[in-house]
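Working notes for the structure below.
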There are 2 protein chains.
Amino acid sequence: MQISEVAKEFGLTTDTLRYYEREGLIGPISKGENGIRNYTEEDIKRIQFVKCMRAAGLEISFLKRYLQLFEGGDKTVKERREILVEQRKILKEKLDAMQEAYNRLNYKIDLYDKNILDKKLM
Amino acid sequence: MQISEVAKEFGLTTDTLRYYEREGLIGPISKGENGIRNYTEEDIKRIQFVKCMRAAGLEISFLKRYLQLFEGGDKTVKERREILVEQRKILKEKLDAMQEAYNRLNYKIDLYDKNILDKKLM
DNA sequence: ATATCACTTAGAGTTTACTTTAAGTCAATA
DNA sequence: TATTGACTTAAAGTAAACTCTAAGTGATAT
């Protein structure tokens, strides 16, 4: 699979895919004789994982570290678990903050819908 | 209330509070003869709103626009509602993406806990 | 054959949201 | 009196994550 197809499939730009590769999040992607990247199914799965985690706001540096540990095999399992737990905690806190803001927006919109033009911000 | 107290109460730095003011998200905060900011209850409420929305990832530019409309009074109600709805949509999409990542992390951690050392990323 | 298009690289530039710096005022304490 | 600490300003600097530019290769369409 060529870079533009992968980009299209995931809604990323080719620049971003090359950037992720440079940063060590994916690949190195193997290239044909022409020097053109050819993404395997394994590569695709990894991009899927990265995209999911990036969409949730997990940092490149964390993903890089995690994926490098993954390459390291079974002896890295303990550390891998630790950093996943750490990231889950960070994510949970963000989720809660976002849920609060979401509820607040809902409440406010509801007031507008009911034509309650209060002077309060919230 | 002085800037350092406000900063402490909200877990922001004084730099950030002055930055928000510069950007027109809050204030202008009235100052005593000495030129020192004195935050009113109204200011505090606004900071609370801004903090909540920023924690959820809403952009400074949006908050600025919304709060300026707010200053504009009742004639801005329609537009205010519109941009709240727009932001809610963006927020909902982020929330869903984050929930998905959260579930995925949970699942993965669960596998580690069960000592299922699979070779798959996810 | 020439133009267009997808790909390649290294490296510079951009955006957002702060954060730090430098230089200063003012009040209180050692 | 000297220094410590909180405040002030304008402006420069930083970090993260892209995003774009310039210069080039190679295959296909007119």
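Residue numbers begin at 1 in each chain, while the letters A, B, ... track the order of the sequences.
The aromatic rings of B:Phe70 and B:Tyr66 sit tilted, their planes meeting at an angle between 30° and 60°.
Here B:Glu59 does not pair with B:Lys94 in a salt bridge; the nearest charged N to carboxylate O distance is not below 4.0 Å. A salt bridge does not link A:Glu21 with A:Arg18: every distance from a Lys NZ or Arg NE/NH1/NH2 to an Asp or Glu carboxylate oxygen is 4.0 Å or more. We find that A:Arg46 and A:Glu71 are joined by a salt bridge, their nearest charged nitrogen and carboxylate oxygen being less than 4.0 Å apart.
Less than 4.0 Å separates DNA chain D from at least one heavy atom of each of the following residues of residues 8-24 of chain A: A:Asp15, A:Thr16, A:Tyr19, A:Tyr20, A:Arg22.
With B:Phe49 as the aromatic partner, B:Lys45 does not meet the cation-pi criteria of under 6.0 angstrom to the ring centre and within 45 degrees of the ring axis.
Comparing D:dA17, D:dT8, C:dT8 by their nearest atom to the side chain of A:Ile3 picks out C:dT8.
Between the P atom of C:dC18 and the NZ atom of B:Lys51 lies a distance of 11 Å, rounded to the nearest Å. Distance A:Glu59 CD to C:dT16 C1': 15 Å, rounded to the nearest Å. At whole-Å resolution of the value, CD in A:Glu33 and C1' in D:dT25 are 15 Å apart. Across the protein-nucleic acid pair, A:Arg37 atom CZ and D:dG26 atom C1' stand 16 Å apart, rounded to whole Å. One interatomic measurement links the two molecules: NZ of B:Lys31 to C1' of D:dC7, which rounds to 11 Å at whole-angstrom precision. In this structure, the OH atom of A:Tyr39 is 16 Å from the P atom of C:dA6, given to the nearest Å. In this entry the distance linking CD1 of B:Ile29 with P of D:dC7 reads 14 Å, nearest Å. Atoms CG (B:Leu58) and P (C:dC18) sit 12 Å apart, rounded to a whole Å.
Residue B:Ser4 has a polar side-chain atom (N or O) positioned under 4.0 Å from OP1 or OP2 of D:dC7. The shortest distance between the side-chain N/O atoms of B:Gln2 and the OP1/OP2 oxygens of D:dC7 is below 4.0 Å. A close approach under 4.0 Å does not occur between any side-chain nitrogen or oxygen of A:Lys64 and OP1 or OP2 of D:dA17.
The 5' end of DNA chain C is approached more closely, in terms of each residue's nearest nucleotide, by B:Ser61 than by the other of B:Asn34 and B:Ser61.
Contact annotation: the side chain of B:Met53 never approaches that of B:Gln87 to less than 4.5 Å [non-hydrogen atoms, C-beta and beyond].
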Audit row: B:Glu9, B:Lys51, salt bridge (charged side-chain N to carboxylate O under 4.0 Å, His left out) steps and yes/no: CA-CA 11 Å; B:Glu9 181 164 327; B:Lys51 212 221 154 167; over 6 Å; no

